[in-house]
Q: 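Here you go, one structure.
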There are 2 protein chains.
Amino acid sequence: MIVTIDFNSNEAIYIQLRNQIIMGIANAQIHDGDNLPSVRELADNIGINMHTVNKAYTILKQEGYIKLDRRKGAVIALDYDKLRAIEEMKTDLRTILARAICKNINEEEIHEILTEVLNEFEG
Amino acid sequence: MIVTIDFNSNEAIYIQLRNQIIMGIANAQIHDGDNLPSVRELADNIGINMHTVNKAYTILKQEGYIKLDRRKGAVIALDYDKLRAIEEMKTDLRTILARAICKNINEEEIHEILTEVLNEFEG
DNA sequence: ATATTTGTTATACAGAAATTATAACAAAAT
DNA sequence: ATTTTGTTATAATTTCTGTATAACAAATAT
């Protein structure tokens, strides 16, 4: 899995990292049980500080995507707390859909766009 | 329209403000042509600095939700740049949908959740 | 046994972003 | 003439982000 950081983005590096790892899982590029690089290795690889990677990993653990083990390092371990995930999804969707409504994008179009973006994912 | 700021949120105040105003428009609580409070009035009202409100208004103007007029103050003025709005929506959706996929929420469920959140809006 | 690798924690520093505090300006309204 | 509007400027403070070192405990590898 390739990680690309945009150092000119207004999005923090550890947020970009977290999102890309989640993308990697959703795209089936990495799977449940797979090892992630160690914080030091990934930091070296990208050219950033260890603590920035550690921050991303800590969040991913807290959000139920990985487990951190002192012997095995970071391992993909998906926790399916569906109800919680759905609530968080709704919160995120509200802002996005409010914008869509303001921009005159109708319900049918929104569903079409959703389908389109969903089809970008593999697995 | 009531604006509520969560001072403990990790979301910046001016971002919360922007989102809530967009929500207000989507919910038909405020309409095209309506006046928003002046930067000073709203700042006083919420208990924050004038510049924080000004930042939110400047972004809303830049994103095509309001127009700023020295005589009339801030006025809702929706600019329907649909193509641009759709592209931005897709970008935002990618992260959200990646999370949904990781949490085993399937396509049908996602569409249902979308419909559910859309029905929260009035107008 | 020893050295290495793992996540974890602590501390310190620099830079950027967010927020506040004043202040002043020009244009328009009252 | 006074007030209100957005706008701009400057400075200070606080918080967030990212880096730099360093050390620790547990496990692995040699």
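Residue numbering restarts at 1 for every chain, and letters A, B, ... go by the order of the sequence lines. Quick caveat: nothing in here was measured; it's all calculated off a predicted structure. Both backbone and side-chain heavy atoms feed into the values below; hydrogens, waters and symmetry mates do not.
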Q: Around atom NZ of Lys82(A), are there more than 12 heavy atoms of other residues, nucleotides or ligands at under 6.0 Å?
A: yes

Q: Could you give the CD-to-P distance, from Gln62(B) to dT7(D), as a whole number of Å?
A: 13 Å

Q: Rounding to an integer number of Å, can you tell me how far Ile13(A) CD1 sits from dA16(C) C1'?
A: 12 Å

Q: For Asn10(A), which contact category applies under a 4.0 Å heavy-atom criterion: base, sugar-phosphate, or nothing?
A: nothing

Q: Give Lys67(A) one of three labels, base, sugar-phosphate or nothing, depending on what nucleic acid heavy atoms sit under 4.0 Å from its own.
A: nothing

Q: May I ask you to decide whether Glu87(A) forms a salt bridge with Arg84(A), counting only side-chain N to carboxylate O separations under 4.0 Å?
A: no

Q: Just compare dA18(C), dA21(C), dT17(D) and give me whichever is closest to any side-chain atom of Asn49(B).
A: dA21(C)

Q: Using whole Å, report how far CD1 of Ile48(B) lies from P of dT13(D).
A: 21 Å

Q: State whether the number of non-hydrogen atoms from other residues, nucleotides or ligands found under 6.0 Å of Glu11(A) atom CD is greater than 12.
A: yes

Q: Out of dT8(D), dT19(C), dT19(D), which nucleotide sits closest to the side chain of Met50(B)?
A: dT8(D)

Q: Does Ala98(B) offer a backbone N or O that forms a donor-acceptor pair with the side chain of Lys103(B) under 3.5 Å?
A: no

Q: Less than 3.5 Å between a donor and an acceptor, one on the side chain of His51(B) and one on the base of dT10(D), is that the case here?
A: no

Q: If you assign each of Ala74(B) and Gly47(A) to its closest nucleotide in DNA chain D, which residue comes earlier from the 5' end?
A: Ala74(B)

Q: Is the shortest side-chain N to carboxylate O distance from Arg99(B) to Glu63(A) below 4.0 Å?
A: no

Q: Please determine if a side-chain N or O atom of Tyr14(B) lies less than 4.0 Å away from the OP1 or OP2 oxygen of dT19(C).
A: no

Q: Looking at dT5(D), I'd like to know if its phosphate oxygens (OP1 or OP2) sit under 4.0 Å from a side-chain N or O belonging to Ser38(B).
A: yes

Q: Calculate the interatomic distance between Asn54(A) atom CG and dG18(D) atom C1'; express it in whole Å.
A: 13 Å

Q: Output the rounded distance in Å from CG (Leu17(B)) to P (dT20(C)).
A: 11 Å

Q: Heavy atoms only, 4.0 Å cut-off, all strands: where does Lys72(A) land among base, sugar-phosphate and nothing?
A: nothing

Q: Rounded to the Å, how far apart are Asp44(B) CG and dT4(D) P?
A: 12 Å

Q: I need the CD-C1' distance between Glu11(B) and dA17(C), as an integer number of Å.
A: 15 Å

Q: When you check the phosphate oxygens OP1 and OP2 of dA18(C), does a side-chain N or O of Thr52(B) lie under 4.0 Å from one of them?
A: no

Q: Between Arg40(A) (CZ) and dA20(D) (P), how many Å, whole number?
A: 15 Å

